[in-house]
Protein chains: 2
Amino acid sequence: MSSTSEGTVPPVKPRGKTRGTGRPTIRDVSQLAGVSRMTVSRVISDPDLVLPATREKVLKAVADLGYVPDRVAGSLSSRRTGFVALMLPTLTNANFAAVAQGLTEQLREADYQLLIAYTEYNQAEEERQLNKLLARRPEAIVMTGASHTRNAARMLMQCDVPVIEIADLPSQPIDHSIGFSNYEVGRTAARHLIERGFTRIGAVGGSQEAAVRDHRGEERMRGFEDELRFSGLATDLVLRHGSPPLSYDHGAAAIAILLKRDPGIQAVFAVSDLSAVGVLMECQRRHVPVPDKLSVMGFGNFEIGGEVNPPLTTVNVNFRALGQRTGALILELLGRDGDTPPHIEDIGLSIIERASVGRVK
Amino acid sequence: MSSTSEGTVPPVKPRGKTRGTGRPTIRDVSQLAGVSRMTVSRVISDPDLVLPATREKVLKAVADLGYVPDRVAGSLSSRRTGFVALMLPTLTNANFAAVAQGLTEQLREADYQLLIAYTEYNQAEEERQLNKLLARRPEAIVMTGASHTRNAARMLMQCDVPVIEIADLPSQPIDHSIGFSNYEVGRTAARHLIERGFTRIGAVGGSQEAAVRDHRGEERMRGFEDELRFSGLATDLVLRHGSPPLSYDHGAAAIAILLKRDPGIQAVFAVSDLSAVGVLMECQRRHVPVPDKLSVMGFGNFEIGGEVNPPLTTVNVNFRALGQRTGALILELLGRDGDTPPHIEDIGLSIIERASVGRVK
DNA sequence: GTGAAAGCGCTAACAT
DNA sequence: ATGTTAGCGCTTTCAC
């Protein structure tokens, strides 16, 4: 690690804008190796096209110069950037991060690179970010969510690359879509609680009056409330409170409100596991036994839900697999020439039953 | 949303590779507006350089055509890509996501865009990703961590853009650095527990034999162990177990081992809050009262740590601020011409005292 | 305030 | 298997 005692000085990074030296270009490599620039280009992109002997000469020149190909120039010339754009509401949510992870896993092999933008759940910001993404000429665009500004939707329609809307099955897909129905998540959760005999059932989600809104979460709440209504149950314990991103403290505050509104509440669904864990923690503090007194259910199958006491029953969607499927679809789409009909896929959902939900005896 | 009854068909996204139509270029705009391409370029990049009347004409043509400037071409020509590269171990860690968030907040205004790569705590992967990042000609490079392969270090030395190593103060910084000492985190945590009178103190971290290693976490363990030793305490309860990324289940499994090794253990430090929360949950299940029987301390000030019962004492580093400071430094560096001396900054750390740590009476 | 010419570093297409 | 030519869409530079 440290320099030898021979008086060798540790290497020092050249600093500032040393224009004039600049980085080596493909031309420098070609001159050093005594071949044409095209040969160098071939060695980089498809080595088999070149005689082993020539290849070695070139590779040596590349190594000696520390040449790193310029994909900016390459992209312009070949009209292939190798970028896939990904629009996310936020990075600080394990499930969205898992989507990015899954996508990357698929795309890495094929040498595509993710260009991530995030909106903080703000549609105007989404439009602004989309513009910047489009300027980078991605070869495919992945949008999380199906709700866009008028302008953003137009831009997505007009751009000549595949668009994939994920994590929400849009009623009017722009192009391709892989996801699940958040509305069904809500209904499924409600059905699960109703089947277990509960009649005083509540839910906690975000306020629809908040400046920041989570359309997916609102859909889950709507599905939940509808299912209660269809089953002839009251919906007065469906609470919309606070603004996204909803986390632990949201659940803690919300359950306090509901317990006050009706101390006899039997079960509650939270739009997110994080919020549900908040409910659980608040119940611990108030010595409200879960599930004996109150059953709690969440959404998203976040890791923490499986670790708390009691572990949390949750509606599960495999977000990592969602990212992987999306990546696979992109590879397929970009492999094909010409026309491909829209691919619409529901990856479904499941309930993970754990101990936080009981049953009426 | 739906089409009118006038027989208007809903717009349909043109699919496949409709080469021939293609996107509008600056030339299309210039022709439609009846000006030169340079004038269009000026309207895009610095509108004040152009007469209001001309500007309006151009803007109208831009809107009519749905023109989106091509930054690939722009980057090649101007030799400014507007990219800042960010290398992260993983996206699925709230603190690293917070770094990205903080960075973005700063860079957004100045129209820089993050290019994120992640390594899954794997140095060979880091080198591969670094190559791909460099090919995109970022104007600055942010590396998380200070431990690189020989090749990666060389590439970072040779590239002619600022390099900032963050989240770990390197002993041999390549260029700039903003971070904190993970070793000091460990020592600080140990001191905190020792000051409270504990003598049978343990720690849980990752195995150094694992294929995947977290050098930052290992530093924290080293600092912790050293401090115990300096204070004349035994280190037989310092447990290195499992491979990163360490999460809840790691803590749960590790504390089980330590409780077996010495049921009299009084306090434990976990390299990460997630692991510490796992310890807490396992203690709940085993009815080991925290902090009365066992004190627990973590690192990272993850949100969940403040929500569990009892809330977790932790060593806090403001990662979001770290990202912001890094963004500010980059803006400063890129604003300057020529030479800038290395900027080395310790953002420090603090202890957040909560109820999970008690005191010997 | 606006335009014309040249060229960024690479690759597609064709030629040998 | 390798080389030559032309040009990707923009911005720099300099002229008017």
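Residue numbers start from 1 in every chain, and the chains themselves are labelled A, B, ... in the order their sequence lines are given, proteins ahead of strands.
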Just by distance, do the side chain of T81(B) and the backbone of R137(B) share a donor-acceptor pair under 3.5 Å?
->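 Looks like yes, one N/O pair under 3.5 Å.
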Euclidean distance, atom CG of residue D28(B) to atom C1' of dC10(D) [Å, nearest integer] |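 The answer, rounded to whole Å, is 13 Å.
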Length of the line joining R136(A):CZ and dC8(D):P, which is rounded to integer Å =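 From R136(A) CZ to dC8(D) P: 21 Å.
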Considering only NZ, NE, NH1 and NH2 on the basic side and carboxylate oxygens on the acidic side, decide whether [X] and [Y] come within less than 4.0 Å.
| X | Y | answer |
| --- | --- | --- |
| R108(B) | E125(A) | yes |
| D28(B) | R37(B) | no |
| R23(A) | D70(A) | no |

Verify side-chain contact (heavy atoms from CB on, under 4.5 Å) between Q113(B) and L133(A), making sure each step is shown before the conclusion.
-> CA-CA 9 Å; Q113(B) 197 164 352; L133(A) 287 178; 3.6 Å; yes
Per-nucleotide protein contact string for nucleotides 8-16 of chain C, where B marks a base within reach and S marks sugar-phosphate only (heavy atoms under 4.0 Å, - for neither) = BBBBBB---
Do the side-chain N or O atoms of T54(B) get closer than 4.0 angstrom to the phosphate oxygens (OP1, OP2) of dT2(C)?
->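 For dT2(C), OP1/OP2 do have a side-chain N/O of T54(B) under 4.0 Å.
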